[in-house]
Amino acid sequence: MGLLSQQYDDGNIVLTSVEGVLNWARLCSLWQMSFGLACCAIEMMAASASHNDIMRFGVLPRPSPRQCDVMIVAGTVTLKMATRVKRLYEQMAEPRYVVSMGSCSNCGGPYWEHGYHVLKGVDRVVPVDVYIPGCPPRPEALLEGWMRLQEKVRDFTIVKEK
Amino acid sequence: MTENLDVLRQGIASGRLKTDELVLNMGPQHPSTHGVLRLELVLDGEIVVKIIPSMGYLHRCFEKHAEAMTYPQVVPYTDRMDYLAAMNNNHGYALAVERLLGIEVPERVEYIRVIMAELQRIASHLVAIGTFGMDVGAFTPFLYCFRDREYILDIFERTCGARLLYNYIWVGGLSHDVHDGFERDVADFIRKFRPTVTEVNNLLNYNKIFIERTAHVGVLPADVAVSYGCSGPMLRGSGVDWDLRRDDPYSIYDRFDWNVIVGDGAAGTLGDCWDRHMVRVGEMEESCRIIEQALESFPAAGDIAEAIPKRIRPPKGEIYTRVENPRGELGYYLISDGSANPFRLKVRGPSFVNLSVIDEISRGHLIADLVAILGSIDIVLGEVDR
Amino acid sequence: MGKTHEEICTYLSELFPDAGLEYDDAVPCINVPPALIREIALQVRDDAELAFDTLMCLSGVDFGDGTLGVVYHLDSMSLRQKLTLKVTIPVAEACVPTVERVWRIAEWHEREAYDLVGIVFQGHGDLRRILLPEDWEGHPLRKDYQVQEFYNGMKVPY
């Protein structure tokens, strides 16, 4: 970010756009829905535990979709679960983001061929912003994916282009 | 809390309090269902009258995959069933196929398998203890448990390159030999790990609030546990002295001196949530003892790949093999028709069986207690649904 | 260790002389006629010499030759012995009496066998699908299973 850490000649004044401040504030406090599906959820838990500490990115796990900005789809989405995932996504307030964590939610993973009950990619039911490969991805990979999402939030604009 | 409950119950029984049943849906997205389990709760006020569990939200068709894959290709899918105990799953599957093939594995492989399986048991119990604490409102032990779990995962990673799902124990052998300094790493870990158990004891297990939340809650009598086929800490917490590592020995467990931890109802009633929890805590120390003894007699050298068959086609036949998973009895029922793929592979998952008892032991408790009961059963949905 | 399968089969044949119990040496297991499975299950559970108090596993199998099977793996914790019972039925009449009231866990195992293999357990109190959704078509572990093209508007094969 660097906004506050830099030294300015004019004391405490920073000149930037409203959008810049808003986006900066949002990307530093993206709240995550605490919602795990399968094996990747364990790596997601490891990412929020002592060694990796995802909370330093301003991530706060919230159990209710109405309080969340980001849904991490961590694990295999089955056909029985797919409608519920869609419903959870619809309950989130805009702007909302989806991180697809792991091969299963990217494309069906190891279950793509014989998994008669596995949805072959969560992007068939909800739009996905960041895909993280791996089976399961390491916590470091989740952090990298998170930073990519932050880049995306930084570039968000509400001003209409002419 | 229990006194208030008694007053409520008396009021309802005497007819002074008029109540009506209501159905509440818990899950599949709920922070304390440990994954995607859905419970339909029939409630009388806040008291649970009946529970109708709905599973299958993570049914990933393991048994169908097993029929479509060759024997070695099934191993990675066994990882993904009980993803907290991937080594133990691999071990059970490898034993089933080896017994059908009639092959013996080298001594060094057996030692590595036992050490890995016991390390995995500690890692799995650490998750169980940490998340159980979190379910009943204690966040700090979770961080302590995950810190020590990471040390185990580091050892696994140095040996086979993976953190969570290893594909390490193969039919007839292992995917890699252990790394240089493996014995030192494991011994270091045990030394670092022992004080954690004391820390967790002080922080959580003998904490008055924790005991209030878990003692006398979700009591599972021994005969009910046996009739429901419960196994692992769930069964031992009810006072039944039964552990497959001792009672139906496999691998080289009969060479080591260790104890089977059994619940004793020290904080409340025999078979309550606290007993089940303490069995897990005690088992971690016993696993440490097994690992230490295995390290003492660890064969220094040996080819780990010498018994891996070039081509796996077991003769026609069938076998039921079971191993002691951290959650209980993991059984593989394998039918071979002589081809390169299993004809049928049925898995008896301990979580599936242990979960079936939830309706029986939760009746009459509050919803908040149900969270504690669910945490103490320690289910992994990947294995419940397979 | 306790009795072998052969001894148990001889013992049970004396109690049920008309049942036609067969001992299968290859597996080993005892083949039981479907109609009698409930009586035999009660007998092996309550008989003091057998005392099979736990049902370790109940598996539904499609043998692929027009027959289905239910395999019961039993365990006696007190006597340290194991037993395998097998019931074979034709696909056309895939019906077996339930053992739900003999071992409580059989309730879920039977629901799973019904869900995945399509075996109907007579007398079962709550025979619904357990893993797949209620409106799923077919039983996936049948050898002739064809995956449905769409479920709820979602494409099933890749």
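All chains are named by letter (A, B, ...) in the order of the sequence lines, taking the proteins before the strands, and each is independently numbered beginning at 1.
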Legend entry - 4.5 Å side-chain heavy-atom contact, A/C40 and A/C104: no
Legend entry - C/L132, part contacting chain A, at a heavy-atom distance under 4.5 Å: both
Inset, instruction - Identify which part of C/V156 has an atom lying under 4.5 Å from any heavy atom of chain A, answering side chain, backbone, both or neither. - result: both
Got a second to check how far [X]'s [atom1] is from [Y]'s [atom2], nearest 0.5 Å?
X      : Y      : atom1 : atom2 : answer
A/I72  : A/W146 : CD1   : CH2   : 4.5 Å
C/I30  : C/L83  : CD1   : CG    : 5.0 Å
C/I105 : C/L58  : CD1   : CG    : 9.5 Å
A/M101 : A/L37  : CE    : CG    : 11.0 Å

Legend entry - Heavy-atom closest contact (A/A82 atom, A/L119 atom, distance): CB-CD2, 3.9 Å
Inset, instruction - Any chance you could lay out the side chain to side chain contact (heavy atoms under 4.5 Å, CB included) test for A/R26 and A/D69, step after step, and finish with the verdict? - result: CA-CA 9 Å; A/R26 277 198 314 126; A/D69 306 296; 6.0 Å; no
Between chain C and chain A, which donor-acceptor pairs sit under 3.5 Å apart?
residue: A/K80; atom: NZ; partner: C/L131; partner atom: O; Å: 3.3
residue: A/K120; atom: NZ; partner: C/V156; partner atom: O; Å: 2.5

